[in-house]
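As the structure is a computational prediction, the values presented were derived from the model and not from experiment. In each ligand, atom 1 is the first atom listed, and ligand 1 is the first ligand listed.
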Amino acid sequence: MKIEIFKMERIQSLWENVVDYNLSESGVHPLNLEELLAPEEIKELTRVELGYTQTNGTPELRENISRLYSSVNLEQIMVTAGSSEANFLLMWSLIEPGDEVIFELPNYMQMWGLARAFGAKVKPLWLKEELGWQPDLDDLKKLITPTTKLIILTNPNNPTGAILSQEAREEIIRLAEKVGAWLLVDEVYRGAERNGLETLSFWGSYERVIVVGGLSKAYGLPGLRLGWMLGPEDLIKKIWTYHDYTTISVSALTDHLATRALQPERRRKLLERTRNILNTNLPFLEQWLKSFDGLFDYQAPQAGAILFARYHLKINSTELVEKVLKEKSVLLVPGDHFELDQHLRFGYGSNQTYLKAALDRVAEVLKKIKK
Ligand SMILES: Cc1ncc(COP(=O)(O)O)c(C=O)c1O
């Protein structure tokens, strides 16, 4: 099996912990244990046995996950090492060579790479900038066929931060149902909405819907490596047998901490913290973008600590990002990594002093490039 380089993850792996300023992150600045737990809970941590836990997630954790959705039972939930493991297991268990897959673009490219590696024929469904990063539903009608096996969406979307309109959502469900295609929706940014209105999950909208979630983005806990998937019970049972071949289970500490993070009151506070960071930093980033007098065009993100901007400069996005990295030790994500050149993704979830210092450095590079 040949697998292509996952370009964005690769540059992040190489540079995110090495550069002076990392603006490639799509979540908010992570919490530490003291911020997550009360002192007596930290003490309790020292008594957690470091054994194998229930490998599909402890019932207590799955119970807390189940509260985020309407009508789901615990057998329809599987806990994984990050939402990326959930995505991997789903692709591994669903895709056969020759399958037809529709993939929303721009998008987090994990499932793009995996679907292609497992031999699927992948057809892009483009979100359109001029439509506020919504899909053109006529495009979807043309793409979907009776042999479409799977449609993959990320909602709220990465890198645009856009949320699918009710009209788009209903039409996608209707068309998937018409041909019996699976609908896989990565909802890892759900809960990171700037206006505090949680995106309606696709869960329950159709019997072949699978949704993925996790603690990395909206909750500011990527280092826990905690994700989950929801699907029909027989599919989840099947995927559990695939899970036996990967990580078996998440760590006992992760399961314990995730269970606490998802307790209703703590969860509310975590999401509030995220929203405050987003709403404090976004105006600042927007002001910075506007200070370049028409150099950037963008649609303000509805969710997530990411802003995807088009720039009007005669330089390829990978070259631009490499230049900023080499000259100023700041890491951004080029549009090329989402198959859309002439764009940059800015992560704006860090603290404001850090963000400002990083943007000052980026500005120094931009000012030297010809329009
Ligand atoms: C849409 C999407 N899915 C999954 C992931 C991976 O996240 P996790 O840390 O939950 O594995 C990311 C990370 O950027 C993402 O943007």
* Any N/O pair Tyr108/ligand 1 closer than 3.5 Å -> no
* Structure fact -> Across all chains, not counting sequence neighbours, the ring pair (Phe, Tyr, Trp, His ring centres under 6.0 Å) partners of Phe284 are none
* Asked: Is the distance between the ring centroids of Trp288 and Phe292 under 6.0 Å?
  -> yes
* To do: If you have a sec, work out which protein heavy atom is nearest atom 14 (O) of ligand 1 and how many Å separate them, to one decimal?
  => Lys217 NZ, 2.9 Å
* Asked: Between Gly347, Gly223, Ser84, Pro156, which one has a non-hydrogen atom sitting closest to atom 11 (O) of ligand 1?
  -> Ser84
* Asked: Under a 4.0 Å heavy-atom limit, does Gln110 contact ligand 1 with its side chain, its backbone, both, or neither?
  -> neither
* Hey, are Asp139 and Lys128 close enough for a salt bridge, meaning a charged N less than 4.0 Å from a carboxylate O? -> yes
* To the nearest 0.1 Å, how far is atom 7 (O) of ligand 1 from its closest protein heavy atom, and which atom is that? -> Ser83 OG, 3.2 Å
* To do: Within a distance under 4.0 Å of any heavy atom of Ser216, pick out the atoms of ligand 1 and give their elements.
  => 8 (P), 9 (O), 10 (O)
* To do: Using non-hydrogen atoms of the residue, decide whether Ser26 is closer than 4.0 angstrom to ligand 1.
  => yes
* Structure fact -> For Ile239, the side-chain contact (heavy atoms from CB on, under 4.5 Å) test, sequence neighbours excluded, returns Met78, Leu89, Leu90, Ser93, Met229, Leu235
* To do: Check each heavy atom of Glu85 against ligand 1 and say whether those closer than 4.0 Å belong to the side chain, the backbone, both or neither.
  => neither
* To do: Please say whether the positively charged group of Arg190, taken as NZ for Lys or CZ for Arg, lies over the ring of Tyr69, i.e. under 6.0 angstrom from the six-membered ring centre and within 45 degrees of the axis.
  => yes
* Asked: Which heavy atom of the protein is the closest neighbour of atom 3 (N) of ligand 1, given with residue, atom name and distance?
  -> Asp186 OD2, 2.6 Å
* Could you tell me the separation between the NE2 atom of His256 and the OG atom of Ser251, rounded to the nearest 0.5 Å? => 11.0 Å
* Asked: Is any NZ, NE, NH1 or NH2 atom of the basic residue among Glu41 and Arg260 found under 4.0 Å from an Asp or Glu carboxylate oxygen of the other?
  -> no
* So is there a nitrogen or oxygen of Thr154 less than 3.5 Å from a nitrogen or oxygen in ligand 1? -> no
* Asked: Quick one: are the ring centres of Phe296 and Phe308 less than 6.0 Å apart?
  -> no
* Asked: Can you find an N or O of Glu9 that's nearer than 3.5 Å to an N or O of ligand 1?
  -> no
* Should the proximity of Pro222 to ligand 1, defined as any heavy atom under 4.0 Å, be assigned to the side chain, the backbone, both, or neither? -> neither
* Does at least one non-hydrogen atom of Gly82 fall below 4.0 angstrom from an atom of ligand 1? -> yes
* Asked: CD1 of Ile77 to CG of Leu61: how many Å apart, nearest 0.5 Å?
  -> 8.5 Å
* **Atom indices of ligand 1, in the order listed, that fall short of 4.0 Å to a heavy atom of Arg225** => 8 (P), 9 (O), 11 (O)
